[in-house]
Structures are given as C-alpha cells and as structure tokens.
Amino acid sequence: MEADDLYGLPLEAFIPERGTLAKTLRADGRRDEAAEVAKLRKPSVAAWAVNQLVRTQGKVVKKLYGAGDALRKAQEKLLAGSGDGRALRSAGERERAAVDGLVELARGLLSSDGHELSPAVVERVADTLHAAALDAGAREQVRAGRLEKELRHVGLGLGEGAFAASAPAAGTPKPTAPPRRTTRKPAPAKRADPRREDRERAEKRKTARVAEAQARRRGERADSALRAAEERRERAASALEDADAALEAARKEVKDAAAAHRRAKQELDGA
C-alpha cells in the first residue's frame, strides 16, 4: 500500500492503515517516508467524500472542470464587454448541474459510523466541488484525491483583479488655482466614459446574477435535504408502528402462554 491509497479507503480504516503502513516502512528502513506517512491527517467527512468522487467518478468530475472553465470564460467576456447575459446564465446552469450531479452521487456514500451524510456535510461537499470548478488552486488540491479538509470558493470566480475597474482611481488631486476677483464661467462638466459605465453596469448585473444563482442552488440543496429528512422520518415512523405491533403480539403470546400454563398445572394437581 502507498500513502495515496489511504485516501481511497473507508474513513474508519484511515488511521489503523496509516499506522500499519508507517510501521512497514520503518521495518524496511525507510524511516523518512514512515515519518511523513505518520503525519498524514485523517480527512474530514466532506473531504473524504470528495476524494471518493474524484477516485471513482473521473468522467463526471472532468465535466465539472469543463463547466467551471466555461463559466469563468463567460464571466471574463461579460466584464470585457464582449459577452452577454444569456451565455453567462447558460454556463452557470451547466456548472450547477455538474455540481448537483456529483452531490447526488455523494449522498449515496456512508459516513464512518454507517449513516448517510448529513445535510451540513453534503453542503460542504457542494462548496468544495464549486471551488474546484472555478479556482485553479482548489482544483489542483481536489484533483489529487488526497484532500484533508473541505474547501470553499471565495469570490465569484473572476480571477485576481477582476473588480479593479470598479475601484476608485488612486492619485493626488491637482491643486486648484487661487480664486480670482473676476467672475469665471463654471468649468464644463467632464463627460462620462460610456464604455466604462457599460462595464460597471455589466459587472453589477453579473454580480447580482451569480449571487441569485448561488442562493437558488443553496435553496435547492436545502429542499433536497428536507425531503430526505422527511423520508427518513416516515421510514422511522413505519418501523415504530411495526415494532409496536410486534410488541403487542409478544405480550399477547406471553399472556396466552401463562394462561395455558395455569390450566395445565390445575389439571396436573387435580389428576
């Protein structure tokens, strides 16, 4: 077994197998490697789930990366003034669909205690996949299938300096001339740059669209988690009814057996 293999194991097997691997490496005289293995951290449940998706769902994960690249390009074109809102919405929907598809696969995984992943863990899985789709650094971490902690994308996936155009320009204001006694006509107002205004409006629209899309996706995940919880509650209620029925039948059996025992004893005493 190699160190990479540890991250593909069931979560509860990570620590014991890590110890076994480190012991084997020390016995082989590979003490430096053994020390490195011993330092490996057990993944969080969400990171472990993402690792399993990367290792078993390669084609689907590759589609996620492609959708993320398309969304970034659409955003960059819109900010540059050469894109349009429809292309951005389409790319955003494709990226959300890729994330949601992988999240559904993650729901089938079981935690180390044998339970389904909680809604909170599922949301962290979705955040990590979203980060991998839009951020090159996050993608590099996820791609290796050795993630130790879930990730979260900060920003809108536009790259560094994407909002520099909207920041106020820096610089020292020019000194004004001393006032003169003669009446001066007011200086003509500086004409606004229509291209810059268009870019700023496009940026605001894009920011609002992405924020709305993220909120909608979170709502969809919450609805899905609610439906899953309701289904589990219904199954539990049904199981409780079955248990109550079985308990009542067992009590009746005990009562009937006790009555039969009393009758048999009476017959024996009267014989």
Side-chain angles (χ1 to χ4, degrees), residues 1-22 25 32-69 71-72 95-96 98-160 210 213-215 217-218 220-222 224-225 228:
M1 177 181 291
E2 299 293 335
D4 280 345
D5 298 331
L6 295 173
Y7 295 88
L9 296 173
L11 190 56
E12 68 274 12
F14 184 91
I15 291 179
E17 290 298 330
R18 180 187 62 186
T20 300
L21 178 57
L25 291 172
D32 290 343
E33 294 179 52
E36 291 298 321
V37 167
K39 293 178 183 178
L40 295 177
R41 296 174 56 190
K42 179 181 177 180
S44 67
V45 178
W48 170 80
V50 172
N51 289 338
Q52 308 317 303
L53 293 174
V54 170
R55 290 167 178 266
T56 63
Q57 306 294 330
K59 291 183 179 180
V60 186
V61 172
K62 187 175 180 180
K63 289 182 180 179
L64 170 70
Y65 297 156
D69 292 340
L71 178 55
R72 285 176 59 88
E95 189 266 347
R96 287 195 301 274
V99 170
D100 292 344
L102 284 165
V103 166
E104 286 305 311
L105 293 173
R107 292 184 193 279
L109 298 172
L110 299 178
S111 62
S112 57
D113 56 2
H115 294 107
E116 296 177 358
L117 303 186
S118 70
V121 170
V122 170
E123 183 172 351
R124 289 194 286 270
V125 170
D127 287 341
T128 302
L129 294 171
H130 182 62
L134 297 178
D135 185 89
R139 184 179 301 183
E140 191 63 26
Q141 295 181 61
V142 169
R143 193 194 303 272
R146 292 184 51 163
L147 200 62
E148 294 180 347
K149 189 172 180 58
E150 59 271 16
L151 305 175
R152 187 168 186 178
H153 180 65
V154 179
L156 300 175
L158 299 173
E160 295 180 358
V210 174
Q214 290 176 336
R217 186 179 65 183
R218 185 170 184 178
E220 291 170 352
R221 291 200 300 267
S224 180

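By convention here, the first residue in the shown sequence is residue 1. No experiment lies behind these values; they were computed from the predicted model shown. Heavy-atom basis, side chains included; hydrogens, waters and symmetry copies ignored.
Residues Ala22 and Ala34 approach most closely at O-CB, 3.4 Å, considering heavy atoms.
The environment of Asp5 atom CG is dense: over 12 non-hydrogen atoms of other residues, nucleotides or ligands sit within 6.0 angstrom.
Atom CZ of Arg96 and atom CG of Leu129 lie 15.0 Å apart (nearest 0.5 Å). Atoms NZ and CD, on Lys63 and Gln57 in that order, are 11.0 Å from each other to the nearest 0.5 Å. Atoms CD and CZ, from Glu123 and Arg152 in turn, are 7.5 Å apart once rounded to the nearest 0.5 Å. Expressed to the nearest 0.5 Å, how far CZ of Arg55 lies from CG of Leu9 amounts to 8.5 Å. Rounded to the nearest 0.5 Å, atoms CG (Asp135) and CZ (Arg72) are 7.0 Å apart.
Looking at heavy atoms from C-beta onward, Thr20 lies out of side-chain contact with Met1 at the 4.5 angstrom threshold. Taking 4.5 Å as the limit, some side-chain heavy atom of Tyr7 sits within range of a side-chain heavy atom of Glu148. With contacts defined as side-chain heavy-atom distances shorter than 4.5 Å, the pair Lys42/Leu11 qualifies. Leu40 places none of its side-chain heavy atoms less than 4.5 Å from the side chain of Glu36. Within the 4.5 Å cutoff, the side chain of Asn51 has no heavy atoms near those of the Val54 side chain. Side chains of Val122 and Arg107 form a contact here, defined as non-hydrogen atoms less than 4.5 Å apart. Within the 4.5 Å cutoff, the side chain of Val121 has no heavy atoms near those of the Trp48 side chain.
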